[in-house]
**Q** 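Starting off with a structure, shown below.
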Amino acid sequence: MAPLSPVANPQKIESDRRILELLAQTFPSISAASTEIINLEAILNLPKGTEHFVADLHGEHEAFRHILKNASGNIKRKVTDIYGTSLRENEIRQLCSLIYYPEEKLQIIKATESNLENFYNITLHQLVSVCQSVSSKYTRSKVRKALPKEFAYIIEELLHESPSDYDKQAYFNRIIETIISTGQADSFIVSMCQVIQRLSIDQLHILGDVYDRGPGAHLIMDTLCQYGRFDIQWGNHDILWMGAAAGNDCCIANVVRVSLRYSNLATLEDGYGINLLPLATFAMETYADDPCEEFKSHVDKDDQTHSEKTLRLMSKMHKAIAVIQFKLEGAMVDKHPEWKMADRNLLHRIDYTKGTVNIEGKEYKMTDTNFPTIDPTDPYKLTAEERHLVHKLHHSFTVSTALRRHIECLFSHGCMYGVYNSNLLFHASLPLNADGSFKEVEVKGTPYKGKALMHQIGMLVRSAFNDDTPAADKEYASDYYWYLWCGPDSPLFDKNKMTTFERYFVADPDARKEEKGYYYSLREDEKICDMILDEFGVDGTQRHIINGHVPVRTRKGESPIRANGKLMVIDGGFAKAYHKTTGIAGYTLIYHSSNFELVEHEPFSSEEEAIRNGTDIVRSTKMVEQTSQRIRVRDTDKGKILQSQIDELSQLLYAFRHGIIKERGMEKSSIV
């Protein structure tokens, strides 16, 4: 190991003097700086924290929260490692259930347990052992920050003492006994379980699409905003909701339409207070006698959430907002001819007498020809009632404080892409040409490609919410959200067209085809993946691209591991709508200090079932990649930051010892 205080460069110290003066305010003496260097060097030699990667959560809040609570099966693995030879499988399952849902599980146990004191004694000892295991790769300081204030001292004592140590045995046992005798056992168990959950995942990476399809996107966002230790690479469904919050009427119409398509109004109404009554009233009046067959919601046959009467109303609302959407999008396409999306304007291509539509030179019979709000001579013009309705929806979205708070969370924790510990993360695609080169895409008249394109888009969408953005630029940024949702060269879409109109009104499957961009096929090539990784400056001997967006059809034999291990696609279908397609109910990719593991999930039944019977959703776990040696913190991005801090502190030590900067008494320091 290099000496803690290497020979410094006097010229560099002089040029960095202002920085070192500021650093000396925090570390005012040789002893303070030396102590911090020793502490940082120790951290560098700890195993790296466990990272979890998930994608395409699509509003499945119960399944997502369960995954956070059980750390995608990692907690059960720890419990099994400790108690696999001393507890039966059912006992391990029940202990894990207690760790995941401590408050609820305790109520069930207390109603049936005859010797509660014995239960408390055994359980507290078990939880201490599990907590010692999950906290072993962290410093005491980091563990201390994860502890609840009311029990921090006691938990810390238990974690760093061993009941097997004869000299400490009475001390350890007496702490446990006193917790029970003072009536604090329940609260202490809950706190211990929460600490275990918190320490089992060091960093959570979400590869986009929190929103749409499932009922609880707002609940997922509430969880994430409180969770804190996450980053997100925005998905196309996230960007759609961000655009709606920015006041883009095309995005607003799409958000409402998709919510109705999946009979999911909870996020809109309960989560964000969006008033849909004007839409319901308009739809009942406008489509009163229309069965709206093509607009029936996608509802699971066992779902009893909505009555038949409600579903009929939702179908009418669905059609009403879809027609409004096509009108709004027609105006947006005309406003931005540079996007080259004129082929998506189809209302003027309908023969309202024959009931056909001309798409790319071919005439198709339409499945629905009832358009009471469309004037064939001016098909994209909104009626007065439609304009009033759009105004009402626009107001609801733009004044929703809950929605704005969640969008701010997406901005503070997210971007178009992320690079973490030799892994390049982005939701869907990176536009490529047929030969594998990066495709140039114009943004506000300037061509960008590769990393520069992703960076520019990230900057642009943020500007829609910045108060200092000029009005014209803010309007363009707001418009661009819709392009990101369905534009042919959008990295979040990357298909030749979005055939929403065709899926509603044309039965011929040929009309509904959407051709994917070249990235989706070329990413199977290891050389292409290496080129992309080089573009984003991703180094390391074991580096990867990780995507979501496209469900992996496990049922048909597709693998999430591509390009000889360089690429991982981890959309396993959390949304119930995808379970039949994928054959599973989601993936979690787990990056330990010694390996990559891919966890397949079963459909989540309910929290009640998990609490009462200890059922879990881990279907199988398979090794993706084994590292040649255990990865330490010094090998990570965090390690690079810590090493730079050590280098600066070493310069400060040199400056102190050579009188370049004077030591200060600790009592004079304003920062401790």
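Every heavy atom of this structure was used, including side-chain atoms; hydrogens, water molecules and symmetry mates were not. All values derive from a computational prediction rather than experimental measurement.
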**Q** How long is the straight-line distance from CD1 of I545 back to CD1 of I532, given to the nearest 0.5 Å?
**A** 4.5 Å
**Q** Return each pair, listed once, that meets salt bridge (Lys or Arg N to Asp or Glu O under 4.0 Å) where at least one residue sits in residues 484-500; pairs must be two or more places apart or across chains.
**A** E360-K497, K439-D489, K495-E514
**Q** Might you work through the ring-ring contact (aromatic ring centres under 6.0 Å, His included) test for Y420 and F53, ending with a clear yes or no?
**A** CA-CA 11 Å; Y420 301 94; F53 304 77; 8.3 Å; no
**Q** Between S422 (side chain only) and D539 (backbone N and O only), is there a donor and an acceptor less than 3.5 Å apart?
**A** yes
**Q** Taking the inter-plane angle between the rings of H336 and Y476 on a 0 to 90° scale, is it parallel (under 30°), tilted (30 to 60°) or perpendicular (over 60°)?
**A** perpendicular
**Q** Just by distance, do the side chain of N358 and the backbone of G361 share a donor-acceptor pair under 3.5 Å?
**A** yes
**Q** Would you say H406 and D222 are linked by a side-chain donor-acceptor pair, where the criterion is simply a distance under 3.5 Å?
**A** yes
**Q** In Å, rounded to the nearest 0.5 Å, how long is the span from CZ of R404 to CD1 of I407?
**A** 8.5 Å
**Q** How would you list all residue pairs meeting salt bridge (Lys or Arg N to Asp or Glu O under 4.0 Å) that involve residues 474-486, not counting sequence neighbours?
**A** K335-E475, K335-D479
**Q** Between H58 and Y211, do the side chains contain a donor N or O and an acceptor N or O under 3.5 Å apart?
**A** no
**Q** Does the separation of the ring centres of Y380 and H348 fall below 6.0 angstrom?
**A** yes
**Q** Tell me every residue that passes side chain to side chain donor-acceptor pair (under 3.5 Å) with E440, counting only those two or more places apart in sequence or in another chain.
**A** none
**Q** Quick one: pull up CD in E62 and CD1 in I220 and give me the separation to the nearest 0.5 Å.
**A** 10.5 Å
**Q** Keeping to residues at least two apart or across chains, list the salt bridge (Lys or Arg N to Asp or Glu O under 4.0 Å) pairs with something in residues 412-435.
**A** none
**Q** Would a distance-only check, ignoring hydrogens and angles, find a side-chain to backbone donor-acceptor pair under 3.5 Å from T223 to L219?
**A** yes
**Q** In sequence, state the C-alpha distance, the side-chain angles, and the governing distance for F371 and F505, and then conclude on ring-ring contact (aromatic ring centres under 6.0 Å, His included).
**A** CA-CA 12 Å; F371 298 110; F505 297 113; 5.3 Å; yes
**Q** What orientation do Y519 and F426 show, parallel under 30°, tilted 30 to 60°, or perpendicular over 60°?
**A** tilted
**Q** Does D468 have more than 12 heavy atoms from other residues, nucleotides or ligands lying within 6.0 Å of its CG?
**A** yes
**Q** First locate atom CD1 of I67, then atom CG of L204, and finally report the distance between them rounded to the nearest 0.5 Å.
**A** 9.5 Å
**Q** In plain terms, say whether D571 and R553 are close enough for a salt bridge, that is, a side-chain N and a carboxylate O under 4.0 Å apart.
**A** no
**Q** So which heavy atom on L410 is nearest to which on W234, and how close?
**A** O-NE1, 3.1 Å
**Q** E502: which residues meet the salt bridge (Lys or Arg N to Asp or Glu O under 4.0 Å) condition with it, sequence neighbours left out?
**A** R344
**Q** Without swapping roles, check the side chain of N236 against the backbone of F493 for a donor-acceptor pair under 3.5 Å.
**A** no
**Q** What verdict does the ring-ring contact (aromatic ring centres under 6.0 Å, His included) test give for Y227 and F230, after you've listed the backbone C-alpha separation in whole Å, the side-chain angles of each residue and the deciding distance to 0.1 Å?
**A** CA-CA 7 Å; Y227 191 77; F230 82 98; 7.4 Å; no
**Q** Not counting sequence neighbours, which residues clear salt bridge (Lys or Arg N to Asp or Glu O under 4.0 Å) with K638? List them please.
**A** none
**Q** Test your reading of the model: is there a side-chain donor-acceptor pair from S400 to the backbone of Y272, 3.5 Å cut-off?
**A** yes
**Q** Is there any salt bridge (Lys or Arg N to Asp or Glu O under 4.0 Å) pair reaching into residues 526-535, and which pairs are they, with sequence neighbours excluded?
**A** E526-K566, D530-R543, D530-K566, D534-R543
**Q** Once salt bridge (Lys or Arg N to Asp or Glu O under 4.0 Å) is applied, do any residues pair with D473, and if so which ones, sequence neighbours excluded?
**A** K444
**Q** To the closest 0.5 Å, what do you measure between CG (D334) and CE (M341)?
**A** 11.5 Å
**Q** Salt bridge (Lys or Arg N to Asp or Glu O under 4.0 Å) for E60 and R213? Distances and angles first, verdict last.
**A** CA-CA 8 Å; E60 296 296 340; R213 298 197 172 94; over 6 Å; no
**Q** Of all residues at least two apart in sequence or in a different chain, which pass the ring-ring contact (aromatic ring centres under 6.0 Å, His included) check with H455?
**A** none
**Q** Here's a test for you: under side-chain contact (heavy atoms from CB on, under 4.5 Å), which of N254, V255, D209 qualifies with H237?
**A** D209
**Q** In terms of ring plane angle, is the pair H318 and Y504 parallel, tilted or perpendicular, where the classes change at 30° and 60°?
**A** perpendicular
**Q** So, D231 and H413: side-chain donor and acceptor under 3.5 Å apart, yes or no?
**A** no
**Q** Taking side chain to side chain donor-acceptor pair (under 3.5 Å) as the test, write out the residues that go with Y520, two or more places apart.
**A** none
**Q** Kindly assign one of parallel, tilted or perpendicular to the pair Y481 and F465, based on the angle between their ring planes and the thresholds 30° and 60°.
**A** perpendicular
**Q** Looking at every heavy atom in both A71 and H52, which two are closest together, and how far apart are they?
**A** O-CE1, 3.0 Å
**Q** Are the side chain of N248 and the backbone N or O of C251 linked by a donor-acceptor pair below 3.5 Å?
**A** yes
**Q** Supply the atom-to-atom distance L57 CG to R65 CZ, rounded to the nearest 0.5 angstrom.
**A** 12.5 Å
**Q** What pairs meet the ring pair (Phe, Tyr, Trp, His ring centres under 6.0 Å) rule with one or both residues in residues 547-571, with sequence neighbours excluded?
**A** H427-H549
**Q** Taking S263 for the side chain and S297 for the main chain, is one N or O donor matched with an acceptor at less than 3.5 Å?
**A** no
**Q** Is it the case that atom OH in Y417 sees more than 12 heavy atoms from other parts of the structure closer than 6.0 Å?
**A** yes
**Q** With E386, which residues qualify under salt bridge (Lys or Arg N to Asp or Glu O under 4.0 Å), at least two apart?
**A** K327
**Q** Within the distance-only criterion (no hydrogens, no angle test), does the side chain of T50 pair as donor or acceptor with the backbone N or O of D202 below 3.5 angstrom?
**A** no
**Q** For D368 and K319, what are the C-alpha separation, side-chain angles and deciding distance, and is it a salt bridge (Lys or Arg N to Asp or Glu O under 4.0 Å)?
**A** CA-CA 10 Å; D368 184 344; K319 182 174 182 179; 2.8 Å; yes
**Q** Would you call E293-K296 a salt bridge at under 4.0 Å N-O?
**A** yes
**Q** Does the D238 side chain pair with the main chain of G208, one donor and one acceptor, at a distance under 3.5 Å?
**A** no
**Q** Short question: side chain of S396, backbone of I274 - any donor-acceptor pair under 3.5 Å?
**A** no
**Q** Under the criterion side-chain contact (heavy atoms from CB on, under 4.5 Å), I'd like the reasoning laid out for K513 against T499: C-alpha separation, chi angles, the key distance, then a yes or no.
**A** CA-CA 7 Å; K513 288 181 180 178; T499 57; over 6 Å; no
